[in-house]
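A short write-up of the structure that comes next.
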Amino acid sequence: MPILYGKGKLIVIKMLTRKKSILTSKKRKLRQLQRQAYASKKEKFINDIMQASQKDSKTFHKLVKQQRSKHDTNTDILYIGNKAFEGEKILSAWQTHFETLGTPNFDENIFDLERLELSKLQNNIIPELDIQNKEITKATPTEIESAIRKLNTGKASDENGIVSEHYIHAIDVITDEITDIINQIFEELDVPQSLKNGILTPVLKKKKDKTIPGNYRGIVVTSIFSKIFETINKDRLEPELFPSQNNLQRGFTEGASSLFTAFIVSETTMLYKFLKIVLELLTLDAEKAFDTVTHEIMLNKMFHDGIRGDMWVLLKNIYTNMTLQVKWGDQTTQHVNIQQGIRQGAKLSTLLYKRYNNTILNAITGSHLGAKIGTICVAFTNLCGRHRLTRGTTGYTSNAQYY
């Protein structure tokens, strides 16, 4: 290889420097395009999640599927307190964990015992009131057919080995029979035990220690017939309850995207920044939100929200003697009695949870405390389990009235 001197060497150095600069530029451009593609994909995925309605749970199941594929939830050991469960004993650990979770903790330091006793007293009287002489309207074949068509396909079978497709493909044959069965339940108010059972699968939360049972979210698969039954009840209850739902409740509400909550928070932040007013924004995530709902208090709130007569009694019977089995791998536990909590994955659960917390939202908005946009109080926004509270530390100023 010839040795270059002087001008020739300088030319070669410049050429190499230019090529290196071009290569570096192209690498940066490639990385930029990769980041943009990843960001675009992520943004689309997040928007799909935020805009998904309660009636279309495909995105939710997609999340669960991705969770299972990206995180290995198979663990050889679980810890409950200081006690370790290994190998075949892991199944008993799951049973112990969910039995504890399904049993109310009536410690007076963390539980409003007076509210509970008042709810029990009222709930015992409610069935005897004259106002309860309100029968449930009979279901029609059209209602049943609509509920069957709402079933999500491609999902796991229930404990009887039945999937949604069995009902959908036989819709013309079974609609009348299902109508008769559900109308018999409406008339006798006797909910079969098979509709109260479910199979719970623990799903590891993102970036959590897989040896701790509390780091798992319990997703319940109920019977397909139960889904149809609860869909009928949910479609009837929602129109009655929606008018009294707090306007700042954004979670699990048809036509109310989670983006609205983000918009309220961002607009409030921008306004207070513009007015140079200190704003305190607090984000809370209720721990085990669905799992710790007290049945007696939930039913009492439903009564005071206007759910009366046989429908209230039916709801009470649905949540009496409720059980589930925990599935881990190819094994399942014995039936676990659920004395508190609502099943994540059941059709009625989101509606009942919203009503359980509706009084909290009403109390906060009714206090007229916290941040405001114009004359609108935005002290609180809710996404079912995730709460955002805002407070202007200098109070509400007249400058904000005309924003």
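Please read these numbers as outputs of a predicted model, since none were measured by experiment.
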Side-chain donor-acceptor contacts of residues 184-193 below 3.5 Å, not counting sequence neighbours, with atom names and distances?
unit_1, atom_1, unit_2, atom_2, d
Q184, NE2, E188, OE2, 3.3
Q193, NE2, N197, OD1, 3.1
Q193, NE2, N321, O, 2.9

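For R217 (side chain) and P202 (main-chain N/O), no donor-acceptor pair under 3.5 Å exists by modelled atom type. E165 places a side-chain N or O within 3.5 Å of a backbone atom of G154 that can act as its donor or acceptor partner. Without hydrogens or angle criteria, K327 side chain to T201 main chain gives no donor-acceptor distance under 3.5 Å. A side-chain donor-acceptor contact under 3.5 Å links N183 to the backbone of A139. No donor-acceptor pair under 3.5 Å is formed between the side chain of R343 and the backbone N or O of G198. Using a distance-only test at 3.5 Å, with no hydrogens or angles considered, no donor-acceptor pair links the side chain of E296 to the main chain of L116. Put simply, the side chain of K196 gets close to the backbone of T320: a donor and an acceptor are under 3.5 Å apart. Listed for the T175 side chain is no donor-acceptor partner under 3.5 Å among the backbone atoms of D172. For the pair Q331 (side chain) and V326 (backbone), a donor-acceptor distance under 3.5 Å is absent. In terms of modelled atom types and a separation under 3.5 Å, the side chain of T211 and the main chain of Y79 share no donor-acceptor contact.
Here OG1 of T179 is found 9.5 Å from CD1 of I174. Values are rounded to the nearest 0.5 Å. To the nearest 0.5 Å, atom OG of residue S146 and atom CD1 of residue I232 are 7.0 Å apart. Note that the OG atom of S223 and the CG atom of L195 stand 5.0 Å from one another [nearest 0.5 Å]. Residue I90 holds its CD1 atom at 5.0 Å from CG of L78, rounded to the nearest 0.5 Å. With rounding to the nearest 0.5 angstrom, the CG atom of L348 is 11.5 Å from the NZ atom of K227. Note that the CD atom of Q95 and the OG1 atom of T333 stand 4.5 Å from one another [nearest 0.5 Å].
By the 4.0 Å N-to-carboxylate-O rule, K150 lies close enough to D235 to be salt-bridged with it.
Between R236 and E240, every side-chain heavy-atom pair lies at or beyond the 4.5 Å cut-off. You'll find the side chain of Q245 reaches within 4.5 Å of the side chain of R355, heavy atoms only. Looking at T100 and I80, their side chains never come closer than 4.5 Å, going by heavy atoms from C-beta outward. Under the 4.5 Å side-chain criterion, counting only non-hydrogen atoms from C-beta, I228 is in contact with I182. In this structure, the side chains of L315 and M298 stay at 4.5 Å or more apart for every pair of heavy atoms. Counting heavy atoms from C-beta on, the side chains of I342 and Y319 come closer than 4.5 Å. Annotation: side chain of I148 is in contact with side chain of I168 (closest heavy-atom distance under 4.5 Å). In this structure, W312 and P127 have side chains that are in contact, with non-hydrogen atoms separated by less than 4.5 Å.
Using the six-membered ring where Trp is involved, F225 and Y167 have ring planes that are tilted, between 30° and 60° apart. In this structure, W94 and H97 have perpendicular ring planes: the angle between them is above 60°, well past the 30° mark.
Counted by atom type alone, N123 and N300 present one or more donor-acceptor pairs between their side chains at under 3.5 Å.
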request  = Apply side chain to side chain contact (heavy atoms under 4.5 Å, CB included) to N233 and M311, showing your working.
outcome  = CA-CA 9 Å; N233 291 314; M311 179 56 77; 3.7 Å; yes

task = Show the numbers, then the answer: is there a side chain to side chain contact (heavy atoms under 4.5 Å, CB included) between Y216 and K205?
result = CA-CA 6 Å; Y216 290 77; K205 298 177 183 178; over 6 Å; no

task = Could you check V221 against K155 for side chain to side chain contact (heavy atoms under 4.5 Å, CB included), going step by step and ending with a plain yes or no?
result = CA-CA 9 Å; V221 175; K155 307 305 176 187; over 6 Å; no

inquiry  = With side chain to side chain contact (heavy atoms under 4.5 Å, CB included) as the criterion, how do L237 and K234 come out once you've worked through the C-alpha distance, each side chain's angles and the decisive distance to 0.1 Å?
reply    = CA-CA 5 Å; L237 288 170; K234 182 172 180 286; 5.9 Å; no

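When the salt bridge (charged side-chain N to carboxylate O under 4.0 Å, His left out) test is applied to R149, the partners found at least two apart in sequence or on another chain are E145.
The number of heavy-atom neighbours closer than 6.0 Å to CG of D76, taken from other residues, nucleotides and ligands shown, is 12 or below.
Closest heavy-atom contact between P104 and Q339: CD-CB, 3.8 Å. Scanning both residues, N358 and S244, for their nearest heavy atoms gives ND2-O, 3.1 Å. Taking each heavy atom of D305 and L241 in turn, the nearest pair found is CB-CD2, 3.8 Å. Here the closest non-hydrogen pair linking I338 and H295 is O-CE1, 3.7 Å. Nearest heavy-atom pair across F85 and K89 is CD2-O, 3.6 Å.
Residue N246 is tested with N357, N362, T359 for a side-chain hydrogen bond (donor to acceptor under 3.5 Å, both in side chains); the sole match is N362.
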